[in-house]
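In what follows, a structure is listed as structure tokens, so that the remarks can point back to it.
Below, each value reflects all heavy atoms present in this structure, side chains not excepted, and no hydrogens, waters or symmetry copies. Reminder, nothing fancy here: chain letters follow the sequence lines and each chain counts from 1.
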Amino acid sequence: MPERLLVITEKPSSARHISQALDDSGKPMTLSERTVQYHVAHRGGDELIVVSALGHLYALAQTGRGWSYPVYDMKWVPADQAQRANPRTKAHIDAISSIAQGVDRYVSACDYDIEGSLIAYNVLKYAVGEHSLGRSRRMLYSTLTVQELVKAWDSMQPTLDYPVIAAGKARHETDWLFGINLSRALTLSVRKATGSHKTLSIGRVQGPTLGFIKDREAAIQSFVPVPYWKVDASTEIDGEAYPLEYEKPRLEREVHAKELAAACRGKQGTVKALESSEERQPPPPPFNLGDLQREAYRVFKMSPSTTLKVAEKLYLGAHLSYPRTSSQKLPPTIDFKEILKGLARNPSYAKQAETILQQGTPEPRQGKKDDPAHPAIHPTGSHPRRLGDAEKKVYDLVVKRFLACLSAPAFRKKMQASVDVNGYLFYMKGSRTVERGWIDVYAPYHEDKELILPELHVGMTLPVSKLSTRRSYTNPPPRYNASSLLRQMETKEIGTKATRTNIIETLHKRGYVEGSTLKITDLGYSIAETLEEYCPEIMGVEMTRRLEEELDEVQRGGRNPEEVVESAVKTLDPVLRRFKEMEKEIGASISETLTEILRKENYLGRCPSCGDGEIHIRRNPRTGKPYASCTNERCSQSYSLPQRKKVYPTGRRCPSCGAPVIRMYYHRKPWDLCLNPECPTKKEGQR
Amino acid sequence: MKGCRVCGKETVEGSVYCDRHMAAYDNLEKAYAKWRVALEVNWEEYLEKVQKLPGTGKWVKEVAQDVLSG
């Protein structure tokens with residue numbers, strides 16, 4: 001008997017792809033309910049209503065009122081009631097409730113990961129009603145291609161993926177408990193110490209991540225360089241210079257460097273031995289998300305968050321597979337031949353794809369890491385047109401990596417001559433690629449240095465044409481960049497592939513780090529240092545890693561989610577008690593740095609009226625509205641400020657009237673404005 | 001309680017420096033042993049040279065200056 005099915009997807013573009021793939025004619029109808037678009041497809045007599053969520057439509061909020069801590073009671077509510085959410089959230093939920101009327105069965109077709117599973121579950125439970133859960137199925141796919149979507153539809157799981165949903169819920173609830181309590185504790189301690197409000201945040205993963213950056217900064221600021229000496233030498237054969245490497249890359253004593261220089265300068269060397277070897281270089285494994293983010297940073301200097309956004313866009317366009325994967329493996333269930341045939345239609349990849357196809361059954365190089373939900377990131381074989389610059393780059397990188405991992409290994413020949421110069425041992429080293437294999441396919445993203453040695457034989461004498469020693473110093477460790485910090489988070493097993501990028505963004509937003517080399521700010525350092533002293537568990541990796549393991553166990557079905565959330569509360573409670581006891585000390589410890597930051601944020605410039613005072617942003621204690629006035633009690637200079645826009649100091653004075661110039665942003669574009677409403681420049685504008 | 005001789009913050013017990021500057025001072029002493037193996041250099045010359053190097057940390061420079069100024 002024909003049925004009506006409600007199919008819930010994560011994003012509007014996936015709703016479009018899924019409805020087109022599943023509709024018998026490939027042309028579903030597009031309708032709208034309260035401005036929310038949905039698609040009606042027909043398949044084998046059934047009517048499929050495909051509607052998307054807008055990411056998370058539900059979020060956690062505190063049960064009860066008040067802005068204090070500890071707070072352990074929470075509930076799921078429409079996202080617009082809990083936080084700053086998409087303003088269309090409410091209309092969207094209402095529309096789904098309305099569309100769901102008269103539906104027989106339900107399908108969760110959100111992305112196959114904990115976020116996707118939880119998004120669909122919450123929509124079904126709260127917007128449609130609990131009755132829908134027992135009549136819901138789960139559709140699993142890794143690409144939005146017609147072939148895979150049809151296969152996913154035909155082999156749907158008979159129920160929702162409850163272990164994944166439970167893990168998602170437990171993860172959200174644990175993160176909410178840590179985030180809300182610790183951030184409130186921090187903000188309130190500073191408010192008590194300074195009387196000023198500045199939203200500060202710290203969380204389960206944010207704390208240890210900030211700790212890594214702080215520890216690195218401490219290592220840099222307490223670093224003492226140590227001198228060492230390097231030997232620069234070369235020989236000349238048939239007019240060509242070849243470097244001679246001294247057997248020790250570094251000399252630790254100046255006296256040794258001087259002795260070596262005196263003994264070898266102007267002397268002849270003798271070739272004592274010749275060695276050569278051939279090295280097999282297997283192709284690189286296919287990308288997981290972390291690898292793709294690091295490679296895009298290395299070759300394009302693209303930030304991990306941009307890479308993720310671009311890769312997701314390419315996934316939603318059905319050009320790439322699902323990017324939030326840990327897997328470095330391409331299982332045999334993937335139709336490599338079909339993908340290669342698709343790529344062969346694209347002139348940019350035709351030659352390489354056809355070469356691999358001609359070699360028979362393609363066998364990809366596999367990496368070590370696996371992901372039960374998704375394979376490594378790979379192209380779908382579509383021929384994308386009209387891609388933006390960033391999309392072109394990421395797409396090209398993924399396609400070439402995919403083709404490379406299906407290609408033959410490269411071989412490099414290495415040669416080494418041992419050269420004795422007056423009792424000191426030097427090496428002449430050469431290397432060249434004899435078979436380029438995957439290197440050609442992956443060009444221009446990988447290139448080895450080629451250094452070809454001339455014809456040499458044992459006993460041959462070589463002139464030391466140049467020899468000098470130079471003093472160098474050891475360097476401090478480098479600051480983290482987004483790529484190396486992601487690797488550190490992965491190595492220490494904190495956060496997930498889906499959340500790590502957001503953590504780095506939050507550190508920027510909160511003003512704890514700045515710049516692309518992630519330099520910790522005074523505020524970030526002060527918070528990290530204070531929390532390390534008073535709540536070391538928050539800054540260490542142990543507690544976070546243990547919670548991650550427990551959450552993973554929930555996903556594997558081996559642990560009760562309520563138990564994990566309870567365990568999080570048990571871990572958090574003593575920390576919050578200590579925080580409360582030490583609130584004054586914690587606030588005082590951060591307040592010095594914060595007061596200076598707030599002063600800088602609020603300082604607009606010298607007062608043009610009295611010349612003694614400073615113009616500062618203040619708030620009317622009764623109405624809370626911002627204004628600017630002079631700090632000199634005898635001066636009455638004040639200015640109105642825009643009420644709905646954040647105002648930034650520029651440090652400049654108006655060249656016409658001397659009043660401070662402020663900056664505001666409209667649609668991300670800066671707009672500088674003189675504060676004085678009577679400024680002659682404004683009068684000119686009016687005329 | 002007296003503050004750190006460099007920055008005025010709370011000192012580490014038994015030291016004239018706070019934890020940051022104490023760590024920097026410890027590193028200065030450890031690195032001096034390596035410098036003496038590498039070069040003929042006395043403590044004052046070492047501190048002066050270290051202060052001028054671009055790779056030297058800010059806290060180390062501050063401590064070196066403090067030690068030199070007695």
Is the cationic atom of A:Arg250 (NZ for Lys, CZ for Arg) positioned less than 6.0 Å from the six-membered ring centroid of A:Tyr228 and within 45 degrees of its normal? yes
Pair A:Arg294-A:Ser483, side-chain donor/acceptor within less than 3.5 Å: no
B:Asp19 versus chain A, the contacting section by heavy-atom distance below 4.5 Å: side chain
If I measure from the heavy atoms of chain A, does B:Val50 come under 4.5 Å with its side chain, its backbone, both, or neither? side chain
Electrostatic pair A:Glu529:B:Arg20 at N-O distance under 4.0 angstrom: yes
Pairwise side-chain contact, A:Phe223 with A:Thr474, heavy-atom cut-off 4.5 Å (strictly under): yes
Tested for side chain to side chain contact (heavy atoms under 4.5 Å, CB included) against A:Arg479, the lone hit among A:Ile520, A:Leu485, A:Ile220, A:Leu518 is A:Ile220
Proximal component of A:Tyr473, with respect to chain B [non-hydrogen, under 4.5 Å]: side chain
Select, from B:Ala38, B:Ala31, B:Gly55, the one with the greatest count of heavy-atom pairs under 4.5 Å involving chain A. B:Ala38
To the nearest 0.5 Å, tell me how far B:Glu62 CD sits from B:Gln51 CD. 10.5 Å
Side chain, backbone, both or neither: which part of B:Leu53 has an atom under 4.5 Å from a heavy atom of chain A? side chain
Please classify the contact of A:Glu252 with chain B as side chain, backbone, both or neither, using a heavy-atom distance under 4.5 Å. backbone
Choice from A:Ala257, A:Pro227, A:Pro476 maximising heavy atom contacts with chain B below 4.5 Å: A:Pro227
